[in-house]
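Structure first, then comments.
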Amino acid sequence: MFTSRDKAEVKLYFDSNNEENQKILDQCPHLYQKFDKDVTVNDRINGIEDSEPTIRNGVTFYPPYYLYNSHFMNYYGSYKIPKLNLKTRRELLVNPIDGGTVSLDFFELGEFKEDTPTIVINHGLTGGSHERYVQYFAQRAYKEKGFRSVVFNYRGCAGNPVTADRAYSAVQLDDIKFVTEYLTKTALPLVKKWFLVGFSLGSAILVNYMADAGKDSPYLAHVSISNPMNMVECTKNLSSSYFNNLLYNKGLANNLKRLFRKFDGRLEKYATKEQIMAAQTIADFDDLITSKMFGFETAHDYYLAASSSKSIRNLVKPILFINAIDDPIAPASGFPWNDFKSNPNTILCCSRWGGHLGFISYEDHMSWSDKAAVEYLSTFLNDNDEINNSKTE
């Protein structure tokens, strides 16, 4: 540990008038432990106005000494942490709205009961159930509390065929609505407690779905990890330094170009192949394709509509957000601090380090955010939900 305790303190933002929030936090030792000091303006994050937390916190998060740099953290979390290769069972689904194909991957970690509490997972930009961050989360949720986990793989992702002109985005909610209805009414109709977890872009889809569904959503509680809260600010940050531009802006744009090759001639109404291949950044690609595909004039217009930051005050069901201040993709400058502190349904948890989908702890070289997320979801279980699945290690 190479820095002060105050810098490592995990900062929490929530409506202190809602006693239920404090009850939840008291059950989550990786999120909150009592710390008898008052909050002052000196507790702001990088001096950002209104970013002083709701309460001081005894929980600290330190990465291993070689992962204090967010780029190293991101690389380790994405490529160096050992693969799990968890077994899955896939169901391909065709959305009747337009014939687009998505899939659901059910992790086969043991024998589940028909009513086992179940987590639906939204992956990141071009990911799927194979991603390390997805598999480690699902494994922990199962080992800690016996949760069943199901991954929602988007159109063209994780081996899904392309069967429609439309792709996916943070504002395309037809598919999450479709898989939610299928899971709750057809695949697992006896499950009474459903949870929704999103990573990166998947968390933006999650929040936009929550805002649209309101109280009608079947999900009891939600977790958002590394949410690109304000996509306009994200775009600025991706271009703010040589490494951000090279590693993430160009890197993610190249991932999108590779994925969208599957769409072949379906994209010609928006741009030529030459124009698409010439795109150097995510904003370039979204200007050419994503914005037009989903009815926006420019990428900027799409980012305004897609950003979670605009919806925080309107969320009516419980949700925990976990973000790192050093995230090179989702900067803290885009966080609506006061909205989190005034909405009784939201809790925002910010660590000083963790990068984007990293959060590797010095204690055990495992994800601290996974521990915190599973603790949070577990508070919505009760004695009758004690899961007694037949586990296989």
Side-chain angles (χ1 to χ4, degrees), residues 30 77 81-93 102-124 127-154 157-160 175-176 179-184 186-203 205-206 209 217-226 318-320 322 357 359 366-381 385-393:
H30 285 94
I81 193 169
K83 287 185 177 181
L84 292 178
N85 296 318
L86 299 180
K87 184 179 179 181
T88 61
R89 174 180 62 83
R90 171 163 291 195
E91 291 191 25
L92 278 177
L93 302 173
V102 297
S103 65
L104 295 171
D105 283 342
F106 297 74
F107 283 114
E108 296 191 323
L109 299 172
E111 295 295 327
F112 295 103
K113 296 187 296 183
E114 290 183 326
D115 62 348
T116 295
T118 300
I119 301 170
V120 178
I121 300 173
N122 293 350
H123 61 74
S129 64
H130 59 280
E131 298 287 359
R132 287 170 170 87
Y133 61 84
V134 169
Q135 296 208 357
Y136 272 91
F137 172 82
Q139 182 186 65
R140 179 166 293 278
Y142 176 70
K143 286 187 173 182
E144 292 291 329
K145 287 292 181 179
F147 284 106
R148 178 198 285 116
S149 289
V150 184
V151 182
F152 162 39
N153 300 303
Y154 317 143
C157 293
N160 288 339
D175 289 343
I176 183 65
V179 300
T180 296
E181 183 172 9
Y182 172 77
L183 283 168
T184 58
T186 303
L188 297 167
L190 297 182
V191 173
K192 294 180 174 60
K193 291 196 173 181
W194 287 94
F195 302 92
L196 186 58
V197 173
F199 295 89
S200 193
L201 177 75
S203 65
I205 295 172
L206 179 156
Y209 168 78
S217 166
Y219 298 105
L220 181 61
H222 315 72
V223 175
S224 158
I225 299 178
S226 295
I319 178 169
L320 169 69
I322 301 176
L357 302 177
F359 300 102
M366 300 296 286
S367 168
W368 161 78
S369 62
D370 285 355
K371 299 172 190 175
V374 172
E375 285 177 353
Y376 174 80
L377 294 178
S378 299
T379 67
F380 294 89
L381 303 178
D385 297 314
E386 280 304 315
I387 305 169
N388 187 25
N389 301 317
S390 174
K391 296 187 178 183
T392 58
E393 301 299 332

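All values derive from a computational prediction rather than experimental measurement.
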The test is side-chain contact (heavy atoms from CB on, under 4.5 Å); show your working for Ser217 and His222 and say whether it passes. CA-CA 11 Å; Ser217 166; His222 315 72; 4.2 Å; yes
With sequence neighbours left out, the residues meeting side chain to side chain donor-acceptor pair (under 3.5 Å) with Ser200 are His356
Return yes if some donor-acceptor pair links the side-chain N/O of [X] with the main-chain N/O of [Y] below 3.5 Å, else return no.
X: Glu108; Y: Lys87; value: no
X: Ser103; Y: Asn160; value: no
X: His123; Y: Tyr154; value: yes
X: Asn122; Y: Gly202; value: yes
X: Glu144; Y: Glu375; value: no
X: Arg148; Y: Phe106; value: no
X: Tyr219; Y: Leu196; value: no

* **Parallel, tilted or perpendicular, as decided by the 30° and 60° cut-offs, for the rings of Trp368 and Phe359** => tilted
* So Tyr133 and Phe199, would you call those rings parallel, tilted or perpendicular, with 30° and 60° as cut-offs? -> tilted
Should Phe195 and Phe147 be marked as a ring pair (Phe, Tyr, Trp, His ring centres under 6.0 Å) after you check the CA-CA gap, both sets of side-chain angles, and the distance that decides it?
CA-CA 10 Å; Phe195 302 92; Phe147 284 106; 5.6 Å; yes
Interatomic spacing from [atom1] in [X] to [atom2] in [Y] - rounded to 0.5 Å:
X: Leu320; Y: Leu377; atom1: CG; atom2: CG; result: 8.0 Å
X: Asp105; Y: Leu92; atom1: CG; atom2: CG; result: 9.0 Å
X: Ser149; Y: Leu86; atom1: OG; atom2: CG; result: 9.5 Å
X: Arg89; Y: Ser129; atom1: CZ; atom2: OG; result: 12.5 Å
X: Glu114; Y: Leu188; atom1: CD; atom2: CG; result: 9.0 Å

Side-chain heavy atoms of Pro117 within contact of Lys145, under 4.5 Å:
no
Compare all side-chain heavy atoms of Gln139 with those of Phe107 and state whether any distance is below 4.5 angstrom. no
Considering non-hydrogen atoms only, spot the tightest contact between [X] and [Y] and give its length.
X: Thr116; Y: Gly146; value: CG2-O, 3.5 Å
X: Val102; Y: Asn153; value: CB-O, 3.4 Å
X: Arg132; Y: Pro82; value: NE-C, 4.3 Å
X: Ser369; Y: Ile322; value: O-CD1, 3.8 Å
X: Ala141; Y: Ile119; value: CB-CD1, 3.9 Å
X: Leu220; Y: Pro318; value: O-CD, 3.5 Å

Exactly one of Ile176, Val223, Ile319 clears side-chain contact (heavy atoms from CB on, under 4.5 Å) with Leu206, and that residue is Ile319
Only residue of Leu104, Ile121, Thr88, Val179 satisfying side-chain contact (heavy atoms from CB on, under 4.5 Å) with Val150 is Leu104
Applying side-chain contact (heavy atoms from CB on, under 4.5 Å) to Leu357 and Phe137, what does each step give before you reach the verdict?
CA-CA 11 Å; Leu357 302 177; Phe137 172 82; over 6 Å; no
Point to revise | is_close_aromatic(Tyr182, Phe152), centroid dist under 6.0 Å | key: no
- Query: So with a 6.0 Å cut-off around CD of Glu91, is the heavy-atom count from everything else above 12?
  - Reply: yes
